[in-house]
Amino acid sequence: MALEIYNTLTRKKELFTPLEPGYVGIYVCGPTVYSDVHLGNCRTFISFDVIYRYLKYLGYKVRYVRNITDAGHLEGDRDEGDDKFSKMARREKLEPMEIVQRYTLGFREVMQLLNTLPPTIEPTATGHISEQIEMTQQIIANGYAYEKEGTIYFDVEKYDKEKTYGILTNRKLEDLLEGTRELGGQEEKKGRLDFALWIKAKPEHLMQWPSPWGMGFPGWHIECSAMSNKYLGKRFDLHGGGMDLAATHHTNEIAQNEACFNESPAQIWMHTNMLTVNGTRMSKSLGNGFLPHELFTGNHPLLEQGYSPMTTKFFMLQTQYRSTLDFSNEALQASEKGLKRLWDAYTVLQKLTYTADTIDSELEEKVLKLVNGFEECMNDDFNTAKVLANMFELVPVINSIKDGLIKVSAITETTFTLLQEKMKVFLEDVFGLQQATEEGSGKLANVMELLIDIRKEAKAKKDFATSDKIRNQLTAMGIVVKDEKDGSVSWSA
RNA sequence: GGUCCUUUGGCCGAGUGGCUAGGCAAAGCUCUGCAAAAGCUUCUACAGCGGUUCGAAUCCGCUAGGGACCUCCA
């Protein structure tokens, strides 16, 4: 089965065919860096990281563009006043770019802890002001935008006469007009749904740039259109982002591109679902968000303990990206244990060596089916949850080989090698998971060797008081000692 | 009010017509000095009502609950 991706635009899974064979262009809406990213944001970026990695695994040359929004994002629902950066800068008595720098670095640090790959291009809104102005000019020239006192608005109703404005989320203009609340303070707009492409800045506004319409700053939506066009062209393969962006931000992006180039930007729109807490969406405005560091350290009233970045990531990968994922201590704990079991088996597998003997054709078939399933599951709209389920079914097989209950020789060497390789590739390269526990470096390893040795001697003398003391105290420190079947002793911290 | 999604066993969660998902938890057994780990086994669900079908968790309708979006948010 070839790769199929769910397209929000058509509301069904579609066979993925890149516009240019062998190459994939993908644009993902990145974070607005005026505050710390929360866990919900991370889910989206983890999802697209796995998608990016899998596309590379399939052999595509991928250009992965994820922007940093560092200007133009307005605070409220009115096209006036401060943007988020200026507001935060005033509050903290810093330059807006200091705010941007602080949270950009914080974002990158978190992404690194979660072991996600950097995008191939990470453009910023402030770095593309002229592109945004040019695009705005073209939209005006094409007749889809108008100026009111230095601010440029996109004319949604006019646009909808020729194109379909609500195409992405299947909404009719009349319904949208009806559903929109009456807002005060924007009499200058012609239509209620009109949004700003360029906003006139007040003299005291901290971030502003010269434009044909005077000093101002760009609207939020135009940055993504300008940057995707610059780096991926008028038409590219995939455009992604959180589901919350579909109805407004992405709808406006499509409208801008159509109005400017008479072409829709992406052939497939992908949307990741929300992370919820007690059934309600995690968001900045609701204040129910977890910061990654709070989760990693356990320093949060709702958390019973800390969970490692890899546990967090594994937790998210156990759910398909289009499903909502509810956050809970129980679920996280289950993921922590599950990941450990899976990773232990994986570690064991990599150390096994093959010896030839009699083949158990039933087992051979089962293993082969499960391993080949990795790719099939991913081809079905990136079903990471199903891949992990397959892996878990292989765990007893691996452990049984280790304990001698099944001989390695029960499967063919080809299958055994395939199993080793695919487990490694999918766990490390596609999912980007890493060694979850510290094996301990240098000194700790030496000390452990000594303790294990002393314990062995005690056990040989049936001095179980001493051997148990060593084991129990280590357990209390978080170091688990295991007596293996072959008489050896292993430990993990 | 509009658009759309969702309801799966104690918990989390795959699954779009027929075949046991999987993880965690729980119970029993094996192994073990005892543990832990591991292996084996058990717990077999699909909101309710109706319909389509030889056959439905899966398709259709209704009812009830939950959620998202329509306003800044991944």
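Note that this is a predicted model, so its numbers are computed, not measured. Just so we're on the same page: letters track the sequence lines, and every chain starts at 1.
With respect to the salt-bridge test (charged N to carboxylate O, under 4.0 angstrom), the residues A/R341 and A/D344 do not qualify. A/R455 has a carboxylate O that lies under 4.0 Å from a charged side-chain N of A/D483, or vice versa, which qualifies the two as a salt bridge. Contact check on A/D380 versus A/K13 returns a salt bridge, with a Lys/Arg side-chain nitrogen under 4.0 Å from an Asp/Glu carboxylate oxygen.
Look at the P atom in both B/rG28 and B/rC43: the space between them is 16 Å, to the nearest Å. Going from the C1' atom of B/rA21 to that of B/rG13 covers 10 Å, rounded to whole Å. One P atom belongs to B/rC24, the other to B/rC62, and the distance between them is 41 Å to the nearest Å. Taking atom P on both B/rA36 and B/rA47, the two are 37 Å apart, rounded to the nearest angstrom. Comparing the same atom, P, in B/rA27 and in B/rC46 gives a spacing of 25 Å after rounding to whole Å. On the C1' atoms, B/rG66 is 15 Å away from B/rU8, given to the nearest whole Å. Taking atom P in both B/rC19 and B/rU58, one finds a spacing of 13 Å when rounded to whole Å. A distance of about 32 Å separates the P atoms of B/rU44 and B/rU32, rounded to the whole Å.
Closest to the A/K337 side chain, of the nucleotides B/rA25, B/rG22, B/rG33, is B/rA25. The side chain of A/N383 has B/rA14 as its nearest neighbour among B/rA74, B/rG22, B/rA14. Ranking B/rG33, B/rG39, B/rG13 by closeness to the A/P396 side chain, first place goes to B/rG39. The nucleotide whose nearest atom lies closest to any side-chain atom of A/D483 is, among B/rA35, B/rG33, B/rG22, B/rA35. The side chain of A/M282 sits closest to B/rA74 out of B/rG39, B/rG33, B/rA74. Set against B/rA14, B/rG23, B/rG33, the side chain of A/R471 has B/rG33 as its closest nucleotide. For A/N399, whose side chain is taken as the heavy atoms from C-beta onward, the closest listed nucleotide among B/rC70, B/rG22, B/rA38 is B/rA38. Here B/rA74 is the nucleotide among B/rA74, B/rA68, B/rC24 with the atom lying nearest to any side-chain atom of A/F45. Of the candidate nucleotides B/rA38, B/rC70, B/rG22, B/rA38 has the atom nearest to the side chain of A/D403. Among the nucleotides B/rA36, B/rA14, B/rA74, the one closest to any side-chain atom of A/K482 is B/rA36.
Within 4.0 Å of A/L332, counting heavy atoms only, lies no atom of the nucleic acid at all. Looking at heavy-atom distances under 4.0 Å, A/E336 makes no contact with the nucleic acid at all. A/T319 comes within contact range of the sugar-phosphate backbone alone, with a heavy-atom separation under 4.0 Å but no base atom that close. Using a 4.0 Å heavy-atom distance criterion, A/V395 is classed as a sugar-phosphate-only contact. Heavy atoms of A/G241 sit under 4.0 angstrom from primed sugar atoms or phosphate atoms, though from no base atom. Here A/D244 lies in heavy-atom contact (under 4.0 Å) with a base. A/V28 comes within contact range of no nucleotide atom at all, as no heavy-atom separation falls under 4.0 Å. Here A/T280 lies in heavy-atom contact (under 4.0 Å) with sugar-phosphate atoms only. Using a 4.0 Å heavy-atom criterion, one finds that A/H38 contacts the bases of the nucleic acid, with or without backbone contacts as well.
Nucleotide B/rA45 forms a pair with no other nucleotide shown, judged by Watson-Crick or G-U wobble geometry with both contacts under 3.5 Å. Of all nucleotides present, only B/rG39 satisfies the Watson-Crick or G-U wobble test against B/rC29, with each distance under 3.5 Å. Across all strands shown, B/rG1 forms a Watson-Crick or G-U wobble pair with B/rC70, both key distances being under 3.5 Å. Base-pair partner of B/rC24: B/rG10 (Watson-Crick or G-U wobble, both distances under 3.5 Å). In a base pair of the Watson-Crick type (N1 to N3 plus N6-O4 or O6-N4) or a G-U wobble (N1-O2 and O6-N3), with each distance short of 3.5 Å, B/rA56 is matched with no nucleotide.
Dashed line: the shortest gap from a side-chain N or O of A/T248 to OP1 or OP2 of B/rC70 is under 4.0 Å. For A/R11, no side-chain nitrogen or oxygen approaches OP1 or OP2 of B/rU3 to under 4.0 Å. Remark: A/N170 is in phosphate contact with B/rC4, judged by side-chain N or O atoms under 4.0 Å from OP1 or OP2. Using a 4.0 Å cut-off, some side-chain N or O of A/S323 falls inside it from OP1 or OP2 of B/rA14. Contact between the side-chain N/O atoms of A/R341 and the OP1/OP2 oxygens of B/rG39 is found at a separation under 4.0 Å.
Rounding to whole angstrom units, CE of residue A/M274 and C1' of B/rC4 are separated by 14 Å. If you take CG of A/L370 and C1' of B/rA14, they are 14 Å apart, rounded to a whole angstrom. What separates CG of A/D36 from C1' of B/rA74 is a distance of 15 Å, to the nearest Å. Atom CG in A/D468 sits roughly 17 Å away from atom P in B/rU32 (whole-Å rounding). The nearest whole Å value for the distance from the OH atom in A/Y346 to the C1' atom in B/rA38 is 20 Å. B/rG22 atom P lies 10 Å from atom NZ of A/K386, rounded to whole Å. When rounded to the nearest whole Å, the span between CG of A/L317 and P of B/rG23 equals 17 Å. One can place CD of A/E174 at 19 Å from P of B/rG1, the figure rounded to the nearest angstrom.
The cationic atom of A/R322 (NZ for Lys, CZ for Arg) lies less than 6.0 Å from the six-membered ring centre of A/Y6 and within 45° of the ring axis.
A/F315 approaches A/L275 most closely through the heavy-atom pair CE2-CD1, 4.4 Å.
At least one donor-acceptor pair closer than 3.5 Å links the side chain of A/E294 to the backbone N or O of A/L291. Between the side chain of A/Q320 and the backbone N or O of A/D381 there is at least one donor-acceptor pair closer than 3.5 Å. Under the 3.5 Å distance criterion, the side-chain polar atoms of A/K456 are left unmatched by any main-chain donor or acceptor of A/V489.
In this structure, the aromatic ring of A/F392 is not positioned over the six-membered ring of the base of B/rG23 within 5.5 Å between centres and 30° between planes.
Judged by distance alone, with hydrogens and angles left aside, A/R192 brings no side-chain donor or acceptor close enough to the base of B/rC70 to form a pair under 3.5 Å. Counting distance only, with no hydrogens placed and no angle test, the side-chain atoms of A/D175 and the base atoms of B/rG1 include no donor-acceptor pair under 3.5 Å.
Of the residues near RNA chain B, A/R322 and A/A465, the one whose nearest nucleotide (by heavy atom distance) lies more toward the 5' end is A/R322. Looking at which nucleotide of RNA chain B each of A/Q320 and A/V397 is closest to, the 5′-most match is held by A/Q320.
Put simply, the side chain of A/H205 does not reach to within 4.5 Å of the side chain of A/I199, judged on heavy atoms. Within the 4.5 Å cutoff, the side chain of A/K313 has no heavy atoms near those of the A/F431 side chain.
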